[in-house]
Amino acid sequence: MDVKIGTTKITLILGDITEQETEAIVNAANSSLMGGGGVDGAIHRSGGHEILKECKVIRQTLYPAGLPAGKAVATTGGKLKAKKVIHTVGPIWSGGNNREPELLAEAYRNCLALALKMGLKTISFPSISTGAYGYPTEKAGRIAIRAVIEFLGKNAGIEEVRFVLHSSHDLLVYEKELTES
Ligand code: AR6
């Protein structure tokens with residue numbers, strides 16, 4: 001489904017984030033920026049070694065102690081269709097009382113702000129934190145959709161925000177949230 005928020009289209013699809021042709025795709029990374037499983041593993045596998053090379057430079061320069069949860073950085077998309085990968089780190093779910101909602105919303109906002117700063121008009125997100133990091137999808141979907149809508153209400157310039165969900169269950173959860181928001 002897709003919905004217009006001002007001049008931006010929010011699209012929800014079932015698919016693989018690595019195959020998206022949006023100018024940027026978002027990686028649900030971990031603080032090390034050195035790769036991992038899930039979305040992170042898939043992006044590094046499909047995008048090739050140029051992505052890791054730039055992640056290493058980011059670690060050596062901007063974030064020697066690792067990228068904190070909620071922050072975002074950009075690298076090349078390497079061999080991907082997307083020209084940029086925006087790496088962010090979602091919170092690890094530990095019951096909901098450790099700033100998880102705040103950090104998850106911040107991750108979405110910082111990715112969008114970075115895309116805008118780089119002049120990118122289309123961006124695809126995975127469902128950050130809902131895999132290895134254990135964030136319940138219903139709760140995370142609500143925060144993701146609301147954070148994006150709120151950002152778009154305050155900032156013009158992005159043409160499409162695409163959520164790429166990996167299961168039909170997750171797609172339904174996000175669709176329900178977008179319909180109700
Ligand atoms: N395209 C779209 N969505 C996907 C794909 C894909 N190719 N593969 C998995 N998903 P996760 P997290 C879904 O674990 O929870 C990594 O090891 C998946 O079904 O990728 O933020 C990192 O290095 C789930 O719904 O990210 C970190 O250590 C969602 O993407 C840690 O996992 C997110 O799952 C980050 O955990």
Side-chain angles (χ1 to χ4, degrees), residues 1 10-49 51-56 58-59 63 65-75 77-82 84-96 98-112 122-145 147-148 160-178:
M1 72 183 279
I10 299 184
T11 316
L12 306 183
I13 63 161
L14 180 62
D16 182 341
I17 190 99
T18 64
E19 291 170 4
Q20 306 309 309
E21 79 301 346
T22 46
E23 291 174 287
I25 64 170
V26 171
N27 183 15
N30 60 62
S31 292
S32 80
L33 294 179
M34 293 298 113
V39 168
D40 200 5
I43 286 178
H44 282 282
R45 262 195 311 279
S46 307
H49 70 280
I51 299 178
L52 188 60
K53 215 165 116 185
E54 290 190 16
C55 284
K56 286 182 176 162
I58 291 168
R59 282 297 309 278
Y63 290 104
L67 185 68
K71 302 285 183 238
V73 292
T75 65
K79 293 186 285 180
L80 294 166
K81 290 178 196 158
K84 292 286 179 186
V85 174
I86 297 181
H87 305 260
T88 191
V89 180
I92 299 171
W93 177 257
S94 60
N98 287 304
R99 297 178 62 230
E100 295 98 322
E102 201 180 317
L103 290 170
L104 187 60
E106 203 181 305
Y108 282 95
R109 280 196 297 272
N110 279 328
C111 288
L112 291 168
T122 56
I123 181 168
S124 295
F125 282 99
S127 176
I128 299 167
S129 283
T130 63
Y133 281 0
Y135 210 121
T137 307
E138 281 77 8
K139 290 185 167 62
R142 167 165 297 204
I143 289 164
I145 297 283
V148 167
E160 183 184 357
V161 177
R162 188 180 299 173
F163 285 94
V164 182
L165 288 320
H166 212 45
S167 73
S168 36
H169 170 263
D170 290 358
L171 179 62
L172 275 177
V173 169
Y174 275 69
E175 279 180 348
K176 182 166 180 284
E177 194 50 51
L178 185 56

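Counting begins at 1 with the first residue of the sequence. Counting starts at 1 for both ligands and their atoms, in listed order.
- The side-chain heavy atoms of Tyr133 and Ile128, taken from C-beta on, include no pair separated by under 4.5 Å.
- Annotation: atom 1 (N) of ligand 1 to nearest protein heavy atom, Ile17 N, 2.9 Å.
- Tyr135 is listed as a side-chain neighbour of Pro101, based on a closest heavy-atom distance under 4.5 Å.
- For atom 21 (O) of ligand 1, the nearest protein heavy atom (residue, atom name, distance) is Ser129 N, 2.8 Å.
- The closest non-hydrogen atom to atom 36 (O) of ligand 1, taken over Phe125, Trp93, Tyr133, comes from Tyr133.
- Remark: minimum distance from atom 30 (O) of ligand 1 to any protein heavy atom is reached at Val39 CG2, 3.4 Å.
- No donor-acceptor pair under 3.5 Å is formed between the side chain of Asn27 and the backbone N or O of Thr88.
- For Thr18, the heavy-atom gap to ligand 1 stays at 4.0 angstrom or more.
- The closest approach between a heavy atom of Gly90 and any atom of ligand 1 is not below 4.0 Å.
- Given atom 7 (N) of ligand 1, the protein heavy atom at minimum distance is Asp16 OD1, 2.9 Å.
- Of the candidates Gly37, Ala69, Ala28, it is Ala28 that places a heavy atom closest to atom 26 (O) of ligand 1.
- Only side-chain heavy atoms of Asp170 come within less than 4.0 Å of ligand 1; its backbone N, CA, C and O stay farther off.
- The pair Glu54-Lys84 does not count as a salt bridge, with every side-chain nitrogen at least 4.0 angstrom from each carboxylate oxygen.
- The protein non-hydrogen atom at the shortest distance from atom 28 (O) of ligand 1 is Asn30 ND2, 3.2 Å.
- Closest to atom 24 (C) of ligand 1 by heavy atom, among Asp40, Ile43, Thr130, Thr137, is Thr130.
- Within the set Gly36, Gly131, Gly38, the minimum heavy-atom distance to atom 15 (O) of ligand 1 is found for Gly131.
- For Ala29, no nitrogen or oxygen atom sits less than 3.5 Å from a nitrogen or oxygen atom of ligand 1, counting backbone and side chain alike.
- Using modelled atom types, one finds a donor on one side chain and an acceptor on the other under 3.5 Å when comparing Thr11 with Glu160.
- At the top of the distance list for atom 13 (C) of ligand 1, counting protein heavy atoms only, stands His166 CB, 3.7 Å.
- The closest side-chain donor-acceptor pair between Ser127 and His166, if any, does not fall under 3.5 angstrom.
- Remark: side-chain polar atoms of Ser31 are paired, donor with acceptor, to backbone N or O of Leu67 under 3.5 angstrom.
- The ring pair (Phe, Tyr, Trp, His ring centres under 6.0 Å) check on Phe125 picks up Tyr108, Phe163, with sequence neighbours excluded.
- Taking 4.5 Å as the limit, every side-chain heavy atom of Ile143 sits out of range of all side-chain heavy atoms of Glu100.
- In this structure, atom 33 (C) of ligand 1 lies nearest to the protein heavy atom Ser127 O, 3.2 Å.
- Checked by atom type and distance alone, the side chain of Ser167 pairs as donor or acceptor with a backbone atom of Asp170 at under 3.5 Å.
- The protein heavy-atom contact nearest to atom 14 (O) of ligand 1 is Ala132 N, 2.8 Å.
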